[in-house]
Novice: 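Questions regarding the structure given below will be posed in turn.
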Amino acid sequence: MAVAGTGVFADILDGEVYKYYADGEWRVSGSGKSVAIVNPTTRQTQYRVQACTQEEVNKVMDAAKVAQKAWARTPLWKRAELLHKAAAILKEHKAPIAECLVKEIAKPAKDAISEVVRSGDLVSYTAEEGVRILGEGKLLVSDSFPGNERNKYCLSSKVPLGVVLAIPPFNYPVNLAVSKIGPALIAGNALVLKPPTQGAVAALHMVHCFHLAGFPKGLISCVTGKGSEIGDFLTMHPGVNCISFTGGDTGIAISKKAGMVPLQMELGGKDACIVLEDADLDLVTANIVKGGFSYSGQRCTAVKVVLIMESIADAVVEKVKAKLAKLKVGSPEDDSDITPVVTESSANFIEALVMDAKEKGATFCQEYRREGNLIWPLLLDHVRPDMRIAWEEPFGPVLPVIRINSVEEGIHHCNASNFGLQGCVFTKDINKAIMISDAMETGTVQINSAPARGPDHFPFQGLKDSGIGSQGITNSINMMTKVKSTVINLPSPSYTMG
Ligand code: NAP
């Protein structure tokens, strides 16, 4: 079986340290420094990546600017062809890339493979969608606006923005990178990727698949280093024409500092699951467990608070407890359901939320158990609004249940959150579901299913502190373009067949 950093990927490794990608080449940073990536399961250093310098970032930006000009002149069908090629190479090499996801972010082995395959599919779909939507423009005629004759024809089409900076988070370092790379490239932009530190090596392997596909030099680059060290330099760089970021509160800080460039921000969430009395309780249970605990709760769209009608709460809590007891807790290599959370500081943060809930009297449905970064699944019942876990995103396998006495109470809690990513409602009454969906201040509401980002062509957006703009393949392509018009002025009005 292929192993990370070997075979076709041997080029991307220099001894113990993975190289960064600039001007179509794999390079060693002049900094002489590297950043360690700690395996969440073993808590030992697994990989090392280059700590790129500001000077290297400057060079990458210069090369991207030059490459973008030529790329924008490359026919759309050729851009699509290269993306399809990259998608196929990515899928072909799913095993070594998935291996990195297992070792860097403790993603269960099967889910790691799915992430890579889904990413290949996303790139192909993006190529197809781009060919359609960028192949169309608009013709406007002037006589629809009061006082005008039909003597002006406005031709509008979409043009690239220039250099797009992509910063994905650790939890989907491949998928959330390609969801930015694909749209940027098909639209004629250059792309600079700053992968998350945990997940950087998976991202470097993915970038190598684009390299193997034969994209022009400098069009795609990948600089590594700690976000806290090179992040500001990148996001405030004058060479950047668009920022697409997915992550936590860091995105709010970036939004305040970034210059006059379009921003796509997909940030945190506290997705509420509102359960009504007439809901199918088995469906609710399955979705609470899957939605709240898949990938140990480290998903932006995880169910992060259950708001359940008091009359059915005991029954659902019992059912969820029974299902949680059956989850396999352990290592990602064994394809466990619950695996270690990404870093020790994440585990400490989760623990602090749990201890706060304990002090304030939440009911523990299981005993709290932690070994290293591994936290056993925990359901906290009778959570009240004065507890931190009622509002904060644990990003771990811990789920609070708040019992409610009216639907209004549930909607009120959901809307009092600073976040507004997704939410879900369980009821058999579609009329009620629509009313509740309309009342919830979130970017998406799922009816009778847990929140989810996919399928990847659906619009995906957060309100309030959960984001700016909308993702999803079509929306991302549109966001990474600007409308350009050319107006033909006729010497006298002309009416078709007039
Ligand atoms: P994070 O700490 O905000 O990091 C996200 C990315 O930002 C990483 O690549 C990080 O690099 C980089 N970064 C850190 N400081 C930076 C700076 N000053 N300037 C520029 N970049 C900087 O988030 P995370 O812990 O990776 O991911 C978890 C969060 O992401 C959760 O809040 C989750 O809800 C959210 N999320 C949202 C979505 C969505 O679509 N709405 C999807 C997935 C996750 P380093 O790793 O090197 O620090």
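Numbers here are sequence positions counted from 1. Side chains included, hydrogens not; waters and symmetry mates left out as well; all remaining heavy atoms used. Whatever order the structure lists ligands and atoms in, that order sets their numbers, starting from 1.
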Novice: Relative to each other, are the rings of Trp26 and His211 parallel, tilted or perpendicular (30° and 60° limits)?
Specialist: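 Answer is perpendicular, since the angle exceeds 60°.
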Novice: At what distance is the nearest protein heavy atom to atom 11 (O) of ligand 1, and which residue and atom is it?
Specialist: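 Sorting protein heavy atoms by distance from atom 11 (O) of ligand 1 puts Lys194 NZ, 3.0 Å first.
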Novice: Does some non-hydrogen atom of Gly199 fall short of 4.0 Å from ligand 1?
Specialist: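 Judged by the 4.0 Å heavy-atom criterion, Gly199 does not count as contacting ligand 1.
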Novice: Numbering the atoms of ligand 1 from 1, which are under 4.0 Å from a heavy atom of Thr246?
Specialist: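 Atoms satisfying the 4.0 Å criterion: 5 (C), 37 (C), 38 (C), 39 (C), 40 (O), 42 (C), 43 (C).
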Novice: Report the part of Lys226 (side chain from C-beta onward, or backbone N, CA, C, O) that has a heavy atom under 4.0 Å from ligand 1; answer both or neither where that applies.
Specialist: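 Backbone only.
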Novice: Regarding Glu129 and Thr474, do their side chains bring together a donor and an acceptor under 3.5 Å, going by distance alone?
Specialist: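 Thr474 and Glu129 do have a side-chain donor-acceptor pair below 3.5 Å.
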Novice: Judged by non-hydrogen atoms, does Pro168 sit under 4.0 Å from ligand 1?
Specialist: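 It does, in that a heavy atom of Pro168 comes within the 4.0 Å cut-off of ligand 1.
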Novice: Between Lys257 and Asp232, is there a donor-acceptor pair closer than 3.5 Å when you use the side chain of the first and the backbone of the second?
Specialist: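 Checked: no pair found.
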Novice: Distance to the ring centre below 6.0 angstrom and angle to the axis at most 45 degrees; does that hold for Lys103 and Tyr47?
Specialist: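 Lys103 over Tyr47 ring: no.
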Novice: Check whether any N or O atom of Gly247, backbone or side chain, sits under 3.5 Å from an N or O atom of ligand 1, and answer yes or no.
Specialist: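 Gly247 vs ligand 1: N/O contact under 3.5 Å present.
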Novice: Could an N or O of ligand 1 be found under 3.5 Å from any N or O of Phe170, whether backbone or side chain?
Specialist: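 Yes, since at least one N or O of Phe170 sits under 3.5 Å from an N or O of ligand 1.
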Novice: Looking at ligand 1, would Leu176 count as a contact under a 4.0 Å heavy-atom criterion?
Specialist: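 In this structure, Leu176 qualifies as a contact of ligand 1 - some heavy atom is under 4.0 Å.
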Novice: Consider every N or O of Thr235 and every N or O of ligand 1, then say whether any pair is closer than 3.5 Å.
Specialist: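 The answer is no, given that Thr235 and ligand 1 share no N or O pair closer than 3.5 Å.
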Novice: Based purely on interatomic distance, does Glu393 place a nitrogen or oxygen under 3.5 Å from a nitrogen or oxygen of ligand 1?
Specialist: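 The answer is yes, given that Glu393 and ligand 1 share an N or O pair closer than 3.5 Å.
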Novice: I want to know whether Phe419 and Trp391 have ring centres closer than 6.0 Å.
Specialist: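 Ring centres of Trp391 and Phe419 not closer than 6.0 Å.
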Novice: Which of the atoms of ligand 1 are close to Phe460, meaning less than 4.0 Å from one of its heavy atoms?
Specialist: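 Selected atoms, number and element: 39 (C), 40 (O).
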Novice: Just checking, any donor-acceptor pair under 3.5 angstrom between side chains of Gln50 and Ser29?
Specialist: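 No, no side-chain donor-acceptor pair sits under 3.5 Å.
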Novice: Is ligand 1 less than 4.0 angstrom away from at least one heavy atom of Arg299?
Specialist: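 No.
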Novice: Short list, please: which atoms of ligand 1 are under 4.0 Å from a heavy atom of Leu421?
Specialist: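 Under 4.0 Å from Leu421, ligand 1 has these atoms: 41 (N).
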Novice: Go through the steps to decide whether Val207 and Leu193 satisfy the test side chain to side chain contact (heavy atoms under 4.5 Å, CB included), and finish with yes or no.
Specialist: CA-CA 9 Å; Val207 168; Leu193 175 69; 3.8 Å; yes
Novice: Do Ser244 and Gln264 pair up side chain to side chain, a donor and an acceptor below 3.5 Å, judged on atom types alone?
Specialist: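 Indeed, the side chains of Ser244 and Gln264 share at least one donor-acceptor pair under 3.5 Å.
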Novice: Is Thr250 in polar range of ligand 1, meaning some N or O pair under 3.5 Å apart?
Specialist: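 The answer is yes, given that Thr250 and ligand 1 share an N or O pair closer than 3.5 Å.
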Novice: Any atom of ligand 1 sitting under 4.0 Å from a heavy atom of Phe245?
Specialist: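 Yes; Phe245 lies near enough to ligand 1 that a heavy-atom distance drops under 4.0 Å.
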Novice: Could you tell me how the ring of Phe395 sits relative to the ring of Phe170: parallel (under 30°), tilted (30 to 60°) or perpendicular (over 60°)?
Specialist: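 Taking Phe170 first and then Phe395, their aromatic rings stand perpendicular (interplane angle over 60°).
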Novice: Heavy-atom distance to atom 13 (N) of ligand 1: which of Ala166, Ala203, Gly227 wins?
Specialist: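 The residue whose heavy atom sits nearest atom 13 (N) of ligand 1 is Gly227.
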Novice: Does Ile254 approach ligand 1 within less than 4.0 angstrom via side chain, backbone, both or neither, non-hydrogen atoms only?
Specialist: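 Near ligand 1, Ile254 shows its side chain, while the N, CA, C and O stay back.
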Novice: Quick one: is the NZ or CZ of Lys180 closer than 6.0 Å to the six-membered ring centre of Phe245, and within 45° of its axis?
Specialist: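 Geometry flag: not set, cation outside 6.0 Å or 45°.
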Novice: Mind telling me whether Phe9 and His93 have parallel, tilted or perpendicular rings, with 30° and 60° as the class edges?
Specialist: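 Rings of His93 and Phe9: perpendicular, over 60°.
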Novice: If you count the atoms of ligand 1 from 1 in the order shown, which ones are under 4.0 Å from a heavy atom of Asn171?
Specialist: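 Near Asn171, meaning under 4.0 Å from one of its heavy atoms, ligand 1 has 43 (C), 44 (C).
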Novice: Of the choices Ile167, Leu267, Val35, Asn175, which has the non-hydrogen atom that lies closest to atom 12 (C) of ligand 1?
Specialist: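 Residue with the shortest heavy-atom distance to the ligand atom: Ile167.
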Novice: Do the charged groups of Arg118 and Asp456 touch, with an N to O distance under 4.0 Å?
Specialist: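 Answer for the salt bridge query: yes.
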Novice: Atom 47 (O) of ligand 1: which protein heavy atom is closest, and how many Å away?
Specialist: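 Result: Thr197 OG1, 2.6 Å.
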